[in-house]
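Residue numbering restarts at 1 for every chain, and letters A, B, ... go by the order of the sequence lines.
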Amino acid sequence: MNGEMIRAEAGDLLDWYDVHAREMPWRVGPSARRDGIRPDPYRVWLSEVMLQQTTVAAVRDYFHRFTARWPTVADLAAAADEDVMGEWAGLGYYARARNLLKCARAVVADHGGVFPATREGLLSLPGIGPYTASAISAIAYDLPETVVDGNVERVMARLHDLHVPLPTAKPELTEMAARLTPDARPGDYAQAVMDLGATICTPKSPACGICPWRDPCVARSNGTAPELPKKLPKKPKPIRLGIAYVGRRADGAFLLQRRPDKGLLGGMLGWPGSDWAETVPQDTPPVAAQWRDAGAEARHTFTHFHLRLAIRVADLPMGAEPDTGEFLGPDRFRPSDLPTVMRKAFDLARASFKDGF
DNA sequence: CACCCGTGGCA
DNA sequence: TTGCCAAGGGT
C-alpha cells in the first residue's frame with residue numbers, strides 16, 4: 001500500500017471547472033446545471049460512445065449530424081442499418097456503430113425508450129462498458145459513480161506518482177479515483193477530471209503551474225509528471241498488402257460490397273478486393289474486364305497493421321454480372337459512406353480516370 | 001486475459 | 001516519417 005495520504009480535494013477541482021469548463025454540444029455547463037438543467041441521456045450516451053478512443057474535435061461534426069438526423073433514441077432505433085453505418089463512416093471503430101443501433105433498439109424495446117438510470121442497467125446494454133456506464137450515470141443522472149478513462153488514469157498516476165505501468169495499474173488507479181469522487185456534483189466532477197486531463201494534465205508537457213491540484217500532486221513535486229503514466233511497450237505493426245477493385249458501370253454506378261458484420265470494418269461498404277496479408281495478394285477481379293492499375297497505392301494504418309492497397313480500375317458494361325458485390329447508383333451511394341481506407345482508394349481511382357468521376 | 005478493432009492530429 | 005495519443009468495449 002501507498003501509505004501516503006493525498007490531500008487533493010474534489011472541491012478545488014470543481015472550483016476550477018466552474019471557471020474553465022470547456023463548452024461542448026452535448027454538455028450542460030456548470031452554470032446551467034446549477035439552474036437545474038439536466039442533459040438529455042440520449043445525447044450523453046451518443047456523445048460518450050462517439051468519444052470512446054476518439055478526440056472531441058473529431059466527434060463534434062458527427063454528433064451534430066446524428067442528432068439532426070435522429071433527434072431521439074426512438075428515431076435512431078427506427079433507422080436503417082446502412083444509414084447509420086454510412087453516417088458513422090470515417091469515425092472508426094465501427095463495432096461502436098453496430099452496437100449503437102443494438103443499444104437504441106434495446107432501449108426502445110425493453111426500457112420504454114428511456115435509458116436505465118442505474119449503472120448496472122446501463123452496463124447490460126450493447127456498447128456500454130464500465131467507463132460509459134459510469135459516465136452516463138454521473139453526467140446524465142448525477143449518480144456518484146467514478147469514471148475512469150485515459151485522462152483519469154493519467155491524473156491519478158501523477159497525483160500519487162505511481163510508476164506501475166498500465167494496464168497493470170488500472171485497478172489501483174480506479175481505487176484512487178474512487179476515493180476522490182465526491183457525493184456532490186458527481187456529473188460536474190466527472191467532466192472536470194477529464195477537462196483537467198485534456199487541457200492541463202496533458203500527456204506531454206503538462207501545465208503543472210496552473211493546475212488546481214498542483215500542491216497535492218506528488219509527481220509534480222518529484223518532477224516525474226511528464227513520464228507518467230508508464231505503459232507497457234507496444235508491438236510493432238506488420239505491413240499487409242492488398243488489392244481493391246474500383247469498377248464503374250456505364251450509368252455511373254459503382255461495384256461495391258457490404259462487409260460482414262464481424263471483423264475489420266465490419267458492416268461497412270467497401271470495394272471488392274483481395275485478402276489483406278503479409279504475402280503478395282492474388283489478383284482476382286470481381287468481374288472480367290480490362291482492369292488497369294491506378295498507378296498509386298492507398299496507404300493506411302489500422303490499429304495493429306499498416307496496409308498498402310493497390311488500386312485497379314475498370315469501366316464496366318451495363319450487362320456486367322460480377323461474382324461479388326452489387327452496383328450502387330448515386331442515389332444509394334455517397335463517397336462519404338465509405339470508411340477512410342476505402343475513400344482513399346476511391347480518390348486514387350478517380351484521379352486515374354482521364355474524365356474524372 | 002490477450003487480442004482485435006480506426007482515425008486524424010501532432011511532436 | 002514515425003510513433004504516440006484520444007471520454008473503451010467485445011470476445
Side-chain angles (χ1 to χ4, degrees), chain A residues 22 24-27 43-63 85 88-100 102-103 122-140 145-155 166-168 170-171 174 177 187 189-199 201-206 226-227 229-240 259-268 270 276 298-307 338-344:
Chain A
R22 293 180 293 171
M24 290 180 282
W26 49 84
R27 173 178 285 181
R43 293 166 64 89
V44 173
W45 162 72
L46 180 61
S47 67
E48 289 300 340
V49 172
M50 286 182 167
L51 286 163
Q52 289 166 5
Q53 297 288 285
T54 308
T55 59
V56 170
V59 163
R60 274 206 162 85
D61 288 348
Y62 283 86
F63 181 83
M85 300 311 289
W88 195 275
L91 198 53
Y93 284 137
Y94 298 100
R96 292 185 296 172
R98 302 194 301 274
N99 286 327
L100 192 81
K102 286 184 192 171
C103 182
L122 291 163
L123 258 183
S124 71
L125 291 166
I128 299 184
Y131 163 77
T132 305
S134 289
I136 297 172
S137 298
I139 297 170
E145 301 289 352
T146 301
V147 303
V148 183
D149 71 332
N151 290 305
V152 178
E153 290 173 351
R154 185 170 58 255
V155 170
L166 283 166
T168 310
K170 174 96 177 180
T174 299
Y189 176 79
Q191 296 175 95
V193 193
M194 294 191 283
D195 275 19
L196 184 75
T199 63
C201 197
T202 51
K204 299 168 192 171
S205 53
E227 66 190 65
K230 300 285 192 184
K231 295 189 176 179
L232 261 28
K234 298 172 182 175
K235 292 180 182 175
K237 295 178 179 181
I239 298 173
R240 295 190 190 176
R259 298 173 64 88
D261 270 348
K262 294 188 184 292
L264 191 69
L265 308 179
M268 298 302 291
W276 298 343
R299 292 195 173 201
H300 192 76
T301 298
F302 292 97
T303 311
H304 54 291
F305 66 92
H306 301 286
L307 177 66
L338 296 171
T340 298
V341 64
M342 299 297 178
R343 189 182 43 72
K344 286 182 181 177

Sequence neighbours left out, what passes side chain to side chain donor-acceptor pair (under 3.5 Å) with [X]? Give chain and number order.
X	answer
Lys230(A)	Glu227(A)
Ser47(A)	none
His306(A)	Thr301(A)

Starting from [atom2] on [N], measure out to [atom1] on [X] and report it in whole angstrom.
X	N	atom1	atom2	answer
Arg259(A)	dC4(B)	CZ	P	16 Å
Leu232(A)	dC4(C)	CG	P	13 Å
Lys234(A)	dC4(B)	NZ	P	15 Å
Leu100(A)	dG8(C)	CG	C1'	14 Å
Leu166(A)	dA6(C)	CG	P	10 Å
His304(A)	dC5(B)	NE2	P	4 Å
Phe305(A)	dC5(B)	CZ	P	7 Å
Lys170(A)	dC1(B)	NZ	C1'	15 Å

side-chain N/O Lys231(A) vs dA6(C) OP1/OP2, d < 4.0 Å: yes
Side-chain N,O (Lys262(A)) to OP1/OP2 (dC4(B)) below 4.0 Å: no
Separation of Met342(A) CE from Leu265(A) CG (nearest 0.5 Å): 5.5 Å
Separation of Gln191(A) CD from Arg22(A) CZ (nearest 0.5 Å): 9.5 Å
For [X], report the nucleic acid contact type (base, sugar-phosphate, nothing); a contact means any heavy atom under 4.0 Å.
X	answer
Lys235(A)	sugar-phosphate
Trp88(A)	nothing
Arg154(A)	sugar-phosphate

Nearest-nucleotide 5' precedence on DNA chain C, His306(A) against Gly150(A): His306(A)
Nearest-nucleotide 5' precedence on DNA chain C, Gly127(A) against Met24(A): Met24(A)
Leu125(A) and Asn99(A): CA distance, side-chain angles, deciding distance, side-chain contact (heavy atoms from CB on, under 4.5 Å) verdict: CA-CA 9 Å; Leu125(A) 291 166; Asn99(A) 286 327; over 6 Å; no
ring-ring contact (aromatic ring centres under 6.0 Å, His included) against Tyr93(A), all qualifying residues, sequence neighbours excluded: none
Gln52(A) side chain to Tyr131(A) side chain, donor-acceptor N/O pair below 3.5 angstrom: no
Positions of residues 43-51 of chain A (non-hydrogen atom under 4.0 Å from DNA chain C), listed by number: Glu48(A), Leu51(A)
Reading 5' to 3' through nucleotides 6-11 of chain B, protein heavy-atom contacts under 4.0 Å coded B for base, S for sugar-phosphate only, - for none: BBS---
Any donor-acceptor pair under 3.5 Å from Lys237(A) side chain to Thr303(A) backbone: yes
Aromatic ring proximity, centroids under 6.0 angstrom, Phe302(A) and His300(A): yes
Distance, P atom - from dT11(C) to dG6(B), rounded to whole angstrom: 14 Å
